[in-house]
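Notes to accompany the following structure.
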Amino acid sequence: MTPAQKESITGLILAGGRSSRMGGNDKALMQFRTKRMIDHVFERLAPQVGGVVINVNQNHEQYKSFGVRVVSDAIGTYAGPLAGLHAGLSVSRRPYLVSVPCDSPFFPEDMVERMFDTLQNSAAQIAVVMTGDQPHPVFALARRSVLEHLTEFLKGGGRKIDEWYDTLKVVHVEFEDEAQFGNINTPEELEAYEKGLPPPPRPQKQRFKRSAPVEAEIPAEHVAILDSLLNGTANAAAAAAAASAPASAPAAPAAVVDRRSKAAKGAPRRRTADKLETAVEALLAASTSLEAVVSCIDGYDPNALPVAKVNEVIRSFVKPAQGFEQVAIRAALGRVLAEDIVSPINVPAHDNSAMDGWALRSSDLSASAPVTLTEIGAALAGSEYTGRPGPGECVRITTGAVMPYGCDTVIPMELVKAEGKRITIPAGQEAGSNRRLAGEDLQKGKPALMAGALMRPTELGLMASLGIAEVKVRRKLRVAFFSTGDELRSVGQTLSEGQVYDSNRYTLFGMLTRMGVEIIDMGVVKDDPAALEAAFRLAASEADAVITSGGVSVGEADHTKQIMKQLGEVVFWRIAMRPGRPMAFGRIANGERSAYLFGLPGNPVAVMVTFYHFVRGALLHMMGRADLDLPLLQVKSQEAMRKKPGRTEYQRGILETKNGETTVRITGAQGSGILRSMSEANCFVVLRHEQGSVKPGDLVDVMVMDGYA
Ligand code: AMP
Ligand code: MG
């Protein structure tokens with residue numbers, strides 16, 4: 001696309017909806033990944049077009065920050081995307097107009113160019129984005145001449161975009177990645193995208209109730225499950241959920257075909273829809289199953305699962321625990337904020353001085369010569385100076401004191417020559433210097449903290465600076481843990497031949513306590529079916545999550561795995577990592593109550609490594625935290641490290657800074673039972689899945705341990 005062609009296109013952001021599924025919050029203005037949603041869309045669209053217009057029907061002022069035209073619907077208000085398109089076309093003077101919705105921040109950077117090329121090479125009036133057989137009608141590039149048609153269509157009472165397209169010559173522009181056209185309609189979807197998780201399934205059941213085509217309502221990844229449900233070949237859990245589905249299974253495969261066939265009408269369609277509805281109910285039940293989650297993971301292999309996929313499964317499956325408390329800000333230390341905090345005041349409340357010195361009017365300053373002003377009074381922190389300095393006058397001021405009327409600059413004491421009330425200021429002082437502006441820390445009406453924030457000392461101070469005494473936090477998570485293994489003895493007992501002290505319960509105690517969860521220490525549980533079942537049942541009814549160690553290795557002869565399987569839905573993995581290969585994950589139940597299960601390996605280092613790298617993030621997600629991952633730094637390795645590609649290794653390392661350079665070395669023997677390797681370490685050296693051996697001087701990823709977990 002040439003610059004002239006780009007100049008010929010107006011970009012229209014459709015932000016004129018009611019955002020009813022966002023509970024009426026204007027979604028374009030909602031915060032998403034540190035910005036407003038519309039900021040993302042604007043930044044994506046603006047470089048692709050000659051100019052931008054925004055269609056809105058509320059909060060007009062807040063959209064003016066872009067300095068572009070903001071237009072409302074001309075026909076009624078909230079009359080849908082066509083009314084927005086009509087408004088945009090009416091004000092645009094360029095020959096083409098491309099529309100994008102305000103809640104789709106991911107569309108491709110070359111979208112407009114590709115649409116333009118297609119439209120230019122066709123006789124069509126409008127180009128519409130498609131991914132596979134899914135149209136995305138609000139991503140459309142129109143010739144301006146369609147305005148006439150559109151006006152007629154709207155006058156005739158038409159409101160539906162698909163119906164309007166049926167009256168036009170449309171060309172489809174194929175894009176590969178459906179996710180790029182994903183939109184954010186609900187708080188749940190916003191939360192999921194914010195955390196980089198797959199968005200929650202849309203409430204499909206409701207959609208099927210409409211008479212609209214059933215087509216395109218089922219995400220592709222669910223079609224397979226749906227097929228199996230309709231065919232009666234579903235797994236046991238899904239089949240149980242589908243028990244109420246009609247018995248006429250043979251007709252079912254046709255139903256799936258009907259879903260794609262626009263020709264299917266009338267009674268057969270209704271029967272299909274009924275059947276689908278029942279199946280979808282089952283699907284919804286099944287879609288929260290672990291089986292459904294893993295079926296959506298590309299290349300899922302439980303026997304050689306890469307670390308990244310482990311986290312993908314875990315984080316798709318676990319859900320934040322519900323429940324809140326209102327607590328005094330001091331008691332909120334270490335807790336997770338449950339609601340956004342909007343600043344009730346400006347901090348600071350007034351423009352004030354950042355230095356001790358003299359406040360003056362910058363119009364009195366000179367770039368080329370010193371100026372001498374007359375001091376007419378003093379402004380002290382805590383008591384307002386009420387005089388009004390005129391030209392040639394200044395006021396002595398202390399740090400934090402409110403700026404006197406008309407003064408905009410403070411010259412610090414050390415730069416000034418004071419002789420009695422005669423104050424001489426050197427040449428070349430900058431206007432506005434050493435003045436703090438009202439609201440520069442926290443602006444009234446703007447979010448000061450977002451839900452999901454960890455309340456650290458800083459956040460307590462921030463709340464106090466706003467005069468807020470109490471905050472709403474999420475309830476504490478309850479985590480139960482126990483060790484399994486007949487060889488284990490507890491501290492205080494004597495060891496016989498072949499026995500070891502149980503250390504895992506102590507490392508788990510420490511790591512969980514530091515995370516600020518409520519712990520339930522269930523001791524050592526013998527490798528006895530009745531004892532294990534009782535322990536798991538108790539944990540499932542008392543806790544949000546249960547963590548065990550030991551008994552999950554492949555070929556392990558004990559009963560742990562069997563009981564886990566019996567009590568819920570649990571998968572057993574061999575993870576492509578070292579240390580810590582075996583792990584169990586799932587959800588176990590006792591009657592109505594249930595808990596997520598993390599069955600960690602037995603080796604003491606493996607327990608800590610799997611905790612840090614899988615369990616920690618999962619628990620944070622359950623706690624409602626927005627930030628789940630620890631940062632990785634890159635530093636030079638002092639030494640060679642042998643490593644095979646195809647697994648992630650977590651070596652225990654020592655980060656040290658000498659002569660201004662930070663390097664890392666490993667802590668000697670790295671066996672998964674050698675807890676000393678953790679004790680001497682201050683970081684993990686993370687050797688990535690695809691990485692090979694490391695030479696001295698190579699950069700490696702490290703994750704600092706201190707202060708975390
Ligand atoms: P397992 O996964 O049960 O086969 O255990 C692997 C290794 O870890 C064995 O050598 C166990 O003795 C050891 N182990 C298991 N649980 C603990 C524990 N709680 N404390 C210390 N070592 C343990
Ligand atoms: Mg064991």
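Every number for a ligand or one of its atoms is a count from 1 in the order of the listing. Numbering starts at 1 and runs along the sequence shown. On a predicted model such as this, the values are computed, not experimentally measured, just so you know.
For L488, every heavy-atom contact with ligand 1 shorter than 4.0 Å involves the side chain, none the backbone. When heavy-atom distances to ligand 1 are checked against a 4.0 Å cut-off, S553 comes that close only through its side chain, counted from C-beta outward. Contact annotation: for R505 versus ligand 1, there are no heavy atoms closer than 4.0 Å.
No side-chain donor-acceptor contact under 3.5 Å links Q670 and S677. Checked by atom type, the side-chain pair S483/D502 shows a donor-acceptor distance below 3.5 Å. When only modelled atom types and interatomic distance are considered, E649 and Q691 share no side-chain donor-acceptor pair under 3.5 Å.
Remark: distances from the non-hydrogen atoms of G485 to ligand 1 are all 4.0 Å or more.
Across A606, G551, P601, G673, heavy-atom proximity to atom 1 (P) of ligand 1 is greatest for G551. By heavy-atom distance, the residue among G602, G550, P582 lying nearest atom 15 (C) of ligand 1 is G602. The heavy atom nearest to atom 7 (C) of ligand 1, considering only T484, L508, N603, L600, is found in N603.
Here R330 pairs with nothing under the side-chain hydrogen bond (donor to acceptor under 3.5 Å, both in side chains) rule; sequence neighbours left out. With sequence neighbours left out, the side-chain hydrogen bond (donor to acceptor under 3.5 Å, both in side chains) criterion links Q499 to R489, S496.
Considering both main-chain and side-chain atoms, S503 comes within under 3.5 Å of ligand 1 through a nitrogen or oxygen pair.
Using a 4.0 Å cut-off to heavy atoms of Y501, the atoms of ligand 1 that qualify are 20 (N), 21 (C).
Counting non-hydrogen atoms of neighbouring residues, nucleotides and ligands closer than 6.0 angstrom, the CZ atom of R33 exceeds 12 such neighbours.
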